[in-house]
There are 2 protein chains.
Amino acid sequence: MADVKSLANPLFLREEDLRQGIELLFFAYRDFTAEPDAMLAQYGFGRAHHRVIYFVGRNPSMTVSELLDILKITKQSLSRVLSQLVDQGFVTQRPGPTDRRQRLLELTPQGTELERRLTESQRALFARAYRAAGAEAVDGFRKVLLGLINETDRARFGEPGAALKTESGRR
Amino acid sequence: MADVKSLANPLFLREEDLRQGIELLFFAYRDFTAEPDAMLAQYGFGRAHHRVIYFVGRNPSMTVSELLDILKITKQSLSRVLSQLVDQGFVTQRPGPTDRRQRLLELTPQGTELERRLTESQRALFARAYRAAGAEAVDGFRKVLLGLINETDRARFGEPGAALKTESGRR
DNA sequence: AAAATATGTCAACATGGCTGACGTAAAATC
DNA sequence: GATTTTACGTCAGCCATGTTGACATATTTT
């Protein structure tokens, strides 16, 4: 339905509109990373550690190459960060059951706890922004951000139209 | 400043919904910066140079401290990047007319041209995403991103942000 | 048996954050 | 008019995190 509308009612995009989008993304990302960065600094970790912890927590038993695909960095860059996390007991590695060359990654309880604390701050930020904007806006947010993401990774996200439910709608 | 809208239409936010937002932002930002980064590399510049060029182009005659406020980095970090841009003829500095301690920043024609090329790629990305999502979605995108941005900088964006109020100012 | 794959490691380098300390010119204040 | 504050700049060094290139090892695939 919304798809039809965009065809029926093509947008006139001013330079100004596009720059606004660029800036919104810049400022939002800057503020989105500020709090976790400060937390991580207390552990001597950086943003890169957060990304690893986040995606391993999200995707238990993932392989190193899956992680590399997500982060789009070199294995040497990942290696440094990952081995720090393993050495300090936040992440474990175990050989893959069918392919024993793989090292499947998991969070330790300590890693899970750190992940929770880091992400909690970002979840709270999103919860506030989502609630302030409303369900419809959230849906639009998703559509636009999906359009910014390359097609391959877009597939990581499910049905593009899956809408948020409101309290009333849910119960 | 009670949040009337969230009371009228409360969202039920699942952990999953919030994580999806986090990931959308991560992937979108990653892909949003990829193309300009590649261009900049040809000049021996990095993302930091882009940010300076972008905001100076956007805000001609801005002062160094205004730029620092936007970027939220230290003057020493900025200094390195900025002096490279000045030395290589992309940015000029001139004393402020009333306050001669200030150094007002401008793009040179060369700087303007580089800015145009860099931002063009991002504008195209946004144009595509905006058109695919439709006007209504763009509006929602704006609302949500504004809600992620701290209150002070939210004021940089026009009226749509006026509707967004948070329980308590963060940061 | 050979080749490709998954992963790791070492070494070297660049970017771009950071802190601390110090300097200078101009504006604002007492 | 002297002092303080402000708006910069700069030097030096540290750290996190990206890069490339070369090489190693175990395992799977051909």
Side-chain angles (χ1 to χ4, degrees), chain A residues 26 29-30 33-34 36-56 61-88 91-106, chain B residues 26 29-30 33-34 36-56 61-88 91-106:
Chain A
F26 167 75
Y29 196 80
R30 186 200 62 179
T33 50
D37 280 1
M39 268 186 228
L40 287 154
Q42 300 173 339
Y43 290 77
F45 290 156
R47 198 177 294 178
H49 298 85
H50 187 188
R51 296 199 274 250
V52 170
I53 287 181
Y54 180 86
F55 284 108
V56 171
S61 296
M62 78 190 307
T63 67
V64 170
S65 28
E66 283 164 1
L67 188 50
L68 285 174
D69 281 347
I70 287 179
L71 300 179
K72 293 234 170 92
I73 59 174
T74 59
K75 65 175 177 172
Q76 294 90 333
S77 295
L78 174 59
S79 166
R80 190 166 31 201
V81 169
L82 185 54
S83 42
Q84 286 167 4
L85 289 171
V86 169
D87 290 350
Q88 296 184 40
V91 172
T92 54
Q93 297 174 316
R94 64 182 167 84
T98 70
D99 186 338
R100 283 176 1 226
R101 292 170 305 179
Q102 297 175 336
R103 310 213 180 163
L104 306 190
L105 306 172
E106 321 271 354
Chain B
F26 167 75
Y29 197 79
R30 186 199 62 180
T33 50
D37 280 1
M39 270 187 226
L40 288 155
Q42 299 172 340
Y43 291 77
F45 290 155
R47 197 177 295 177
H49 298 85
H50 186 190
R51 296 200 274 249
V52 170
I53 287 180
Y54 179 86
F55 284 108
V56 171
S61 296
M62 80 189 307
T63 66
V64 171
S65 27
E66 283 164 2
L67 188 50
L68 286 174
D69 281 347
I70 287 178
L71 300 178
K72 293 232 171 94
I73 60 175
T74 60
K75 65 174 177 175
Q76 293 91 332
S77 296
L78 173 59
S79 165
R80 192 167 30 203
V81 168
L82 184 54
S83 43
Q84 286 167 4
L85 289 171
V86 169
D87 290 350
Q88 297 185 39
V91 172
T92 55
Q93 296 174 315
R94 64 182 166 85
T98 69
D99 186 337
R100 288 182 352 236
R101 292 170 304 178
Q102 296 176 337
R103 310 213 179 162
L104 306 190
L105 306 173
E106 321 272 354

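Naming convention: chains lettered A, B, ... in sequence-line order (proteins, then strands); numbering from 1 in each chain. The shown structure was predicted, so the numbers you read here are calculated from the model rather than taken from an experiment.
Ser77(A) has no side-chain polar atom (N or O) that falls below the 4.0 Å cut-off from OP1 or OP2 of dT17(D). A close approach under 4.0 Å does not occur between any side-chain nitrogen or oxygen of Arg100(B) and OP1 or OP2 of dT24(C). The side chain of His49(A) contributes an N or O atom lying less than 4.0 Å from OP1 or OP2 of dT17(D). Between Ser79(A) and dG8(C) there is no side-chain polar atom (N or O) within less than 4.0 angstrom of OP1 or OP2.
Look at CG on Leu104(B): it is 12 Å from C1' on dA7(D), rounded to the nearest Å. One interatomic measurement links the two molecules: CG of Leu40(A) to P of dA16(D), which rounds to 12 Å at whole-angstrom precision. If you measure from atom CZ of Arg94(A) to atom C1' of dA6(C), you get 16 Å, rounded to the nearest angstrom. Summarising the geometry, the separation between CG on Leu68(B) and C1' on dT19(C) is reported as 15 Å, rounded to the nearest angstrom. Rounded to a whole Å, the CD atom of Gln93(A) is 16 Å from the P atom of dA6(C). In this structure, CZ of Arg47(B) is placed 14 Å from P of dT15(C), rounded to the nearest angstrom. In this structure, CG of Asp69(A) is placed 14 Å from P of dT5(C), rounded to the nearest angstrom. To the nearest angstrom, C1' of dA14(C) lies 14 Å from CG of Asp37(B).
Taking only side-chain atoms of Gln102(A), from C-beta outward, the nucleotide of dA6(C), dT9(C), dG18(D) with the closest atom is dA6(C). Of the candidate nucleotides dT7(C), dG17(C), dT20(D), dT7(C) has the atom lying nearest to any side-chain atom of Val64(A).
Within the 3.5 Å criterion, the main-chain N or O of Ile70(A) finds a donor-acceptor partner in the side chain of Arg30(B).
Residue contacts for Ser65(A): at a heavy-atom cut-off of 4.0 Å it reaches the sugar-phosphate backbone alone, with no base atom in range. Within the 4.0 angstrom heavy-atom criterion, only backbone atoms of the sugar-phosphate kind lie near Thr63(A); the bases stay farther away. Across all strands, Glu66(A) comes closer than 4.0 Å to no nucleic acid atom at all (heavy-atom distances).
A 4.5 Å side-chain heavy-atom check between Val56(B) and Leu82(B) finds every atom pair outside the cut-off.
Between Ile73(A) and Gly96(A), it is Ile73(A) whose nearest contact on DNA chain D lies nearer the 5' terminus. Take the nearest nucleotide of DNA chain D for Asp99(A) and for Lys72(A): the residue whose nucleotide is more 5' is Lys72(A).
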Just do the side chain to side chain contact (heavy atoms under 4.5 Å, CB included) check on Arg51(A) and Ile73(A) with the steps written out, would you? CA-CA 11 Å; Arg51(A) 296 199 274 250; Ile73(A) 59 174; 5.7 Å; no
Would you check, one step at a time, whether the test side chain to side chain contact (heavy atoms under 4.5 Å, CB included) holds for Lys75(B) with Ser65(B)? CA-CA 8 Å; Lys75(B) 65 174 177 175; Ser65(B) 27; over 6 Å; no
Under the side chain to side chain contact (heavy atoms under 4.5 Å, CB included) rule, what do Leu104(B) and Thr63(B) come out as? Steps first, then yes or no, please. CA-CA 5 Å; Leu104(B) 306 190; Thr63(B) 66; 3.6 Å; yes
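Scanning atom types as modelled, no donor and acceptor separated by under 3.5 angstrom connect the side chain of Gln76(A) and the base of dG8(C). Evaluation of atom-type donor-acceptor distances gives a pair under 3.5 Å for the side chain of Arg80(B) against the base of dG17(C). Counting distance only, with no hydrogens placed and no angle test, the side-chain atoms of Arg101(B) and the base atoms of dT6(D) include a donor-acceptor pair under 3.5 Å. A donor and an acceptor atom never sit less than 3.5 Å apart when one is taken from the side chain of Arg103(A) and the other from the base of dT7(C).
Between Phe45(A) and His49(A), the two ring planes are parallel [angle under 30°; tilted spans 30° to 60°].
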